[in-house]
Amino acid sequence: MENVIYLTELDYKRLVDLIQLQRQGAGAPANIGKLGEELKRAKRVASEEIPADVVTMNSRVLLRDLQSGKEMEITLVYPKEADVNARKISIFAPVGTAILGCREGDEVEWPVPSGTIHYKIEKVTFQPESAGNYNL
């Protein structure tokens, strides 16, 4: 059984709207169906009530690759803000979808062309809601 994931009501609404918009256009991201599935299973809570160790949109997260042991820090963003060089990863990227709503200590996996990657969420180093920003 999969872990429960948590989403703020605002993130949920924005992501549902984004999915609907993407599906209307040509060339929707391949990962859009998986993101829709994640949204359906999410427990929605008010922004003020989201636990500080949950990955929300615009959170900065320290991930550890469980195969290599390497760590990387990324920020989970909406597609228009994505910038790989700045380590801003789109919610439509497989890793973005995989970590959304997860908590520190959770392990996530997702398929890539060469197999499956396994990451552990070591730390949520910044979360807008815990910093008092409920509209980011």
Side-chain angles (χ1 to χ4, degrees):
M1 178 165 154
E2 295 181 272
N3 293 340
V4 172
I5 64 168
Y6 297 87
L7 284 180
T8 66
E9 291 284 356
L10 183 59
D11 283 350
Y12 178 83
K13 181 181 181 335
R14 287 178 174 169
L15 290 169
V16 166
D17 290 348
L18 186 62
I19 287 171
Q20 289 173 341
L21 192 63
Q22 291 290 323
R23 285 189 171 146
Q24 290 169 3
N31 206 37
I32 202 162
K34 178 74 171 130
L35 179 58
E37 291 169 24
E38 293 294 288
L39 295 182
K40 286 179 191 160
R41 74 182 186 94
K43 178 176 171 57
R44 295 180 299 194
V45 297
S47 294
E48 297 80 9
E49 296 171 11
I50 195 92
D53 67 345
V54 171
V55 180
T56 61
M57 292 304 298
N58 298 297
S59 287
R60 198 166 40 248
V61 184
L62 181 65
L63 299 175
R64 183 167 46 91
D65 182 323
L66 293 175
Q67 287 147 324
S68 71
K70 290 184 179 163
E71 291 186 340
M72 68 175 175
E73 192 169 36
I74 63 171
T75 302
L76 183 61
V77 298
Y78 292 96
K80 67 181 186 293
E81 296 148 9
D83 179 351
V84 173
N85 294 328
R87 295 199 174 124
K88 293 183 175 184
I89 304 300
S90 168
I91 184 62
F92 287 143
V95 65
T97 300
I99 66 172
L100 177 68
C102 293
R103 300 180 89 145
E104 288 177 5
D106 284 351
E107 294 182 8
V108 296
E109 62 179 59
W110 67 92
V112 293
S114 60
T116 301
I117 295 181
H118 300 268
Y119 276 98
K120 181 174 184 182
I121 299 169
E122 292 289 343
K123 182 141 188 66
V124 177
T125 57
F126 172 78
Q127 183 207 66
E129 293 80 8
S130 68
N133 189 336
Y134 303 116
N135 296 310
L136 192 61

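Just the heavy atoms: all of them, side chains too, but no hydrogens, waters or symmetry mates, feed the values below. Here, residue 1 is the first one in the sequence, and each next residue gets the next number.
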(request) Check whether any side-chain N or O of D11 sits under 3.5 Å from a backbone N or O of M57 as a donor-acceptor pair, and report yes or no. (result) yes
(message) What I want to find out is whether E122 reaches R64 closely enough, with some N-O distance under 4.0 Å, to be called a salt bridge.
(response) yes
(request) Mind checking the CG-OG spacing from D53 to S130? Nearest 0.5 Å is all I need. (result) 9.5 Å
(request) State yes or no: do V77 and Y12 share one hydrophobic cluster built from I, L, V, M, F, W and Y residues joined by side-chain heavy-atom distances below 4.5 Å, directly or via other members? (result) no
(message) Working to the nearest 0.5 angstrom, can you tell me the gap between T8 OG1 and E49 CD?
(response) 11.5 Å
(request) Verify the distance criterion only: is there a donor paired with an acceptor across the side chains of T125 and E73 at less than 3.5 Å? (result) yes
(message) Applying salt bridge (charged side-chain N to carboxylate O under 4.0 Å, His left out), can you list everything that pairs with K120, at least two apart in sequence or on another chain?
(response) none
(message) Measuring only between side-chain heavy atoms, which start at C-beta, is I74 closer than 4.5 Å to L62?
(response) no
(message) Any heavy-atom pair between the side chains of L7 and L39 that's under 4.5 Å?
(response) yes
(message) Whether the side chain of E38 engages the backbone of I5 through a donor-acceptor N/O pair (distance < 3.5 Å, no angle test) should be reported.
(response) no
(request) State whether the side chain of T97 and the backbone N or O of P94 hold a donor-acceptor pair below 3.5 Å, judged by distance alone. (result) no
(message) For a 4.5 angstrom cut-off between non-hydrogen side-chain atoms, does L18 reach P79?
(response) yes
(request) State whether Y6 and R103 meet the cation-pi test: NZ (Lys) or CZ (Arg) under 6.0 Å from the six-membered ring centroid, and within 45° of the perpendicular axis. (result) yes
(message) Within the 3.5 Å criterion, strictly below it, is a donor on T116 or E109 matched to an acceptor on the partner's side chain?
(response) no
